[in-house]
2 protein chains.
Amino acid sequence: MNEPDWNLYRTLLAVLETGSLSAAARTLGLTQPTVGRHVDELEQALGHALFTRSQQGLRPTDAAQALRPYAESLSTTAAALLREASSAIGAVEGVVRISASDVIGVEVLPPILSQLQAAYPRLSVELSLSDTLQDLLRREADIAVRMTKPRQDALVARHIGTIELGLHAARSYLDRKGSPADLKALTEHHMVGFDHETAFIRASIEIIRQQAPDFPQNLHWTYRTDSNLAQLSAIRAGAGIGICQVKLAQRQPNLVRLLPDFSLSLDTWVAMHENLRQSPRCKAVFDALCEGLIDYVRSA
Amino acid sequence: MNEPDWNLYRTLLAVLETGSLSAAARTLGLTQPTVGRHVDELEQALGHALFTRSQQGLRPTDAAQALRPYAESLSTTAAALLREASSAIGAVEGVVRISASDVIGVEVLPPILSQLQAAYPRLSVELSLSDTLQDLLRREADIAVRMTKPRQDALVARHIGTIELGLHAARSYLDRKGSPADLKALTEHHMVGFDHETAFIRASIEIIRQQAPDFPQNLHWTYRTDSNLAQLSAIRAGAGIGICQVKLAQRQPNLVRLLPDFSLSLDTWVAMHENLRQSPRCKAVFDALCEGLIDYVRSA
DNA sequence: TGGTGTCTATTCAAAAATGAATGAGCCGGA
DNA sequence: TCCGGCTCATTCATTTTTGAATAGACACCA
């Protein structure tokens, strides 16, 4: 039995993502019959049924689900290959894909990246807002800005510094509700916070417990979202008191820091796949990111 | 511009590996003209020359070299996908690829694996003898036996125990040359050791320095090889005194341990990609490997 | 209930990819 | 020096893959 055509994996992934032959055909620029034939061919080659056909689409079997991560890995690697090929050798041009948290991506990176693009006009930047380090290994991004120290051997990481977090609220909110005199008074306020308790959140809560034993346990969470960015917007809009970056709040005239003794800090890192050190375009972006973020962290 | 056919990457890799269109065509089961056309097509799609043609083969350009790791990653991932597809859902069958050092692979694993295959007749094991942890992330193997603690987040690792290393020689050698009375006497002997000084070797030398200050600096290395397995064979054949696993030497009637106060220890780990925990065939092999190796380490 | 949207399956002609054969250049050994 | 080995390039017939069109089945909505 010969190795199946690698294109079959691409159409497999498209069918998994879209849920139907027709939709997959549209995204792939093929037609529904060919996509169907690809699936048939792959099923025959692998010896498993991959989908149960029905008139309103295909439902993937467990076998297809098991193969999905591999197909995704193929797809991201192929995309990374194309990015690598997007630049001439030795030139700072082409596409670089950056991954960062939403707040960093929206509030901090734009000036840094626009300056970078002024310096290298033939450079394109793709920005993916997500928070896992996995995506560097899977090559979903070339460079990542992260708040945890990368522990992967295959990554190059540079430590940027520490970002300070503090409690903030909008003036409009404080005009209505007044300012809390101490941490215990927070129970009387509307709080903006996280929706789901991730490992990172649990760790943060632990740190808060240690550093600020007065921090109340049961707060009145009136606005919960897992997006830091949405939290920031909510605080700005006067929805309540929440935690955000101190440096960021200083730039916003209508945000006030509360109880400045309460403070959390986030270590910040910029990480990149080791292989990409050879690539001038990635190295240029890496260096510019480090420089710009260090400026941001140290800014008064 | 459309995304290039993924098959083009496969032929690119084959051409890079074989060094000629014709040879690549043979390994791919295609013909030389099609391989040539694939390369042309890819060059056009990427906008780079990938090879400089000549009558005695193709020389890859820097651009092609830069793409090589990506193509290799595609290839290993496609192979991993096929392995995953080689087993029915929930069944312990199909192909599992194990990576281990040469000594472990040749001397320790066979009984463990043959027992495993007796338990699961539809299971196939591929054994790759290499020593880097990288290959797990690149999916070059499903499971690895390693002598260093894995630091990758994406890996599941289990600690097996400590393997003791000691100085050994064959009786035939000792009959000719006599036994060294102490470490200093090693300078009078033929020694079997490593060829290149890797990071691991340097670390080991450092440990030796600390634990055995008497260990001579300048030994008479008469047999150098980077393969542990070849070292073991050389010691067995009476080429000289060398370091090998104590447990392993105990099984060999003609090997004698020398200066038993001298001892090194290696921490042993079995590691696997986190995703594969879902896969019964990998989990079964992982568990069997752990059990078998623990038995080996603890055996009298 | 009938119309419209979605989906998959099938057929058949057109387009694309492939292979066999051949030519030409280079290298090394007899 | 010639021969056999290897290489890549080119041509043309054949095979394979693809797409357009169509039919049938289901779901939703007026």
Side-chain angles (χ1 to χ4, degrees), chain A residues 1-46 48-65 67-68 71 74-75 78, chain B residues 1-46 48-65 67-68 71 74-75 78:
Chain A
M1 186 191 74
N2 245 338
E3 188 185 348
D5 201 318
W6 284 7
N7 282 318
L8 301 184
Y9 303 142
R10 180 167 52 171
T11 77
L12 167 67
L13 181 60
V15 175
L16 281 170
E17 283 174 344
T18 61
S20 86
L21 298 183
S22 315
R26 283 192 292 272
T27 69
L28 291 171
L30 299 173
T31 56
Q32 169 257 321
T34 52
V35 173
R37 283 185 285 245
H38 282 182
V39 171
D40 290 344
E41 198 181 333
L42 192 58
E43 286 183 328
Q44 188 145 16
L46 300 181
H48 291 291
L50 294 173
F51 297 92
T52 54
R53 267 80 164 174
S54 83
Q55 266 86 7
Q56 60 260 40
L58 308 195
R59 202 176 47 255
T61 65
D62 291 347
Q65 295 289 12
L67 299 184
R68 182 168 186 160
L74 288 175
S75 172
Chain B
M1 187 192 73
N2 245 337
E3 187 185 347
D5 200 318
W6 283 8
N7 282 318
L8 301 184
Y9 303 142
R10 180 167 52 169
T11 78
L12 168 67
L13 182 60
V15 176
L16 281 170
E17 282 175 343
T18 61
S20 86
L21 298 182
S22 316
R26 283 191 292 272
T27 69
L28 291 172
L30 299 174
T31 56
Q32 169 257 321
T34 50
V35 173
R37 283 185 284 246
H38 282 183
V39 171
D40 291 344
E41 197 181 335
L42 192 58
E43 285 182 329
Q44 189 145 17
L46 301 181
H48 292 290
L50 294 173
F51 297 94
T52 54
R53 266 78 164 176
S54 83
Q55 266 85 9
Q56 61 260 39
L58 307 196
R59 204 176 45 257
T61 65
D62 291 347
Q65 295 289 11
L67 300 184
R68 181 168 187 160
L74 288 175
S75 172

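Per chain, numbering begins at 1; letters A, B, ... match sequence-line order. Everything numeric in this text was worked out from a predicted model, so none of it was measured.
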Should the pair A:D40-A:R53 be classified as a salt bridge under the 4.0 Å nitrogen-to-oxygen rule?
->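 Salt bridge present between A:D40 and A:R53.
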Please tell me if the side chains of B:F51 and B:L16 come closer than 4.5 Å, counting only heavy atoms from C-beta onward.
->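 Yes. Closest side-chain heavy atoms under 4.5 Å.
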Taking the side chain as C-beta and beyond, is there a heavy-atom pair between B:R10 and B:L13 under 4.5 Å?
->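 Answer no - side chains too far apart.
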Within the side chain of [X], is there an N or O that forms a donor-acceptor pair under 3.5 Å with the backbone of [Y]?
X	Y	result
A:E43	A:L50	yes
B:S22	B:Q32	no
A:T11	A:H38	no

Look up atom OG in B:S75 and atom CG in A:L74, then write down how far apart they are to the nearest 0.5 Å.
->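 Separation between the atoms: 10.0 Å.
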Interatomic spacing from CG in A:D5 to CD in A:E41 - rounded to 0.5 Å |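 Separation between the atoms: 6.5 Å.
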Does [X] place a side-chain N or O at less than 4.0 Å from the phosphate oxygens OP1/OP2 of [N]?
X	N	result
B:R53	D:dT7	no
A:T34	D:dT17	no
A:H38	D:dT17	no

For atom [atom1] of [X] and atom [atom2] of [N], their distance in whole Å:
X	N	atom1	atom2	result
B:L58	D:dC6	CG	P	17 Å
A:E41	D:dT18	CD	C1'	12 Å
A:D40	D:dT18	CG	C1'	15 Å
A:D5	D:dT16	CG	C1'	12 Å

Listed partners of B:T61 passing side-chain hydrogen bond (donor to acceptor under 3.5 Å, both in side chains), at least two apart =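 For B:T61, no residue satisfies side-chain hydrogen bond (donor to acceptor under 3.5 Å, both in side chains) once neighbours in sequence are set aside.
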Pair of N/O donor and acceptor under 3.5 Å linking C:dG19 base with B:R37 side chain =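 It does, because a donor-acceptor pair links the side chain of B:R37 to the base of C:dG19 below 3.5 Å.
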Mind running a 4.0 Å heavy-atom check of residues 24-33 of chain B against DNA chain D and sending the residues that fall below it, in number order?
->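 The answer is B:R26, B:Q32, B:P33.
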Residues in contact with DNA chain C, drawn from residues 13-22 of chain A - heavy-atom cutoff 4.0 Å =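 Residues of residues 13-22 of chain A that come under 4.0 Å of DNA chain C are, in numerical order, A:S20, A:L21, A:S22.
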